[in-house]
Amino acid sequence: MEIARNKVVTFHYVLTDENGERIESSEEKGRPAAYLHGRNNLLPGLEAELQGKRAGDQLKVTVPPELGYGLRIDDAVKRVPIKHLVRPGKLSVGKVVTVNTTAGPRPATVTKVGRFNVDVDFNHPLAGKTLVFDVKILDVRDATDEEIAHGHAHGPGGHEHA
Ligand code: ZN
């Protein structure tokens, strides 16, 4: 079965940056990833390359920032009061925190910790990076009616409803 809109795809992947530095892998997460194809559940640059592939296929996909997590925005580093963080806990540089902003809660990475304020970077940690995915497709199946209605895959590696 070929990967097309409304197929559920299960795959293993290793993600590295353009210098070969390992970022993450599905093995480390303990199980393959699963997603519903053609419904914006995957980075656009990766999803486009998976179209038409089958179980057993292996491929290497290079995703430029514009088709990945976007370009880095230099002025996305802001100083915010610690009291604007959701459950800040113990703060350190590199920690990902949730900041209450006027546009709602948003994730950000701490770049500097002060007594009452922190500097946080609202860029996605992978923004500005060219990403290289080594993908092995394990399974391609038809989505259930429920998955199509929800717009995402269910079951292991997919969306787990509470
Ligand atoms: Zn669902």
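First listed ligand is number 1; within each ligand, the first listed atom is number 1. In what follows, residues are counted from 1 in the order of the sequence shown.
- Looking at residues two or more places apart in sequence or on another chain, you find no side chain to side chain donor-acceptor pair (under 3.5 Å) involving E21.
- With sequence neighbours excluded, no residue satisfies side chain to side chain donor-acceptor pair (under 3.5 Å) with E27.
- Evaluated for a side chain to side chain contact (heavy atoms under 4.5 Å, CB included) with R39, the options R5, E147, H152 yield exactly one hit, R5.
- Contact of the N100 side chain with the L85 side chain is not registered, since no non-hydrogen atoms from C-beta on lie closer than 4.5 Å.
- Applying the salt bridge (Lys or Arg N to Asp or Glu O under 4.0 Å) test to pairs two or more places apart or on separate chains, those with a residue in residues 118-131 are R72-D121, R79-D119.
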Test side chain to side chain donor-acceptor pair (under 3.5 Å) applied to H161 and H154, step by step: CA-CA 8 Å; H161 287 287; H154 290 160; 3.1 Å; yes
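- For a distance threshold of 2.8 Å, the protein N, O or S atoms nearer than that to the Zn ion (ligand 1), listed by chain and number, are H150 ND1, H152 NE2, H154 NE2, H161 NE2.
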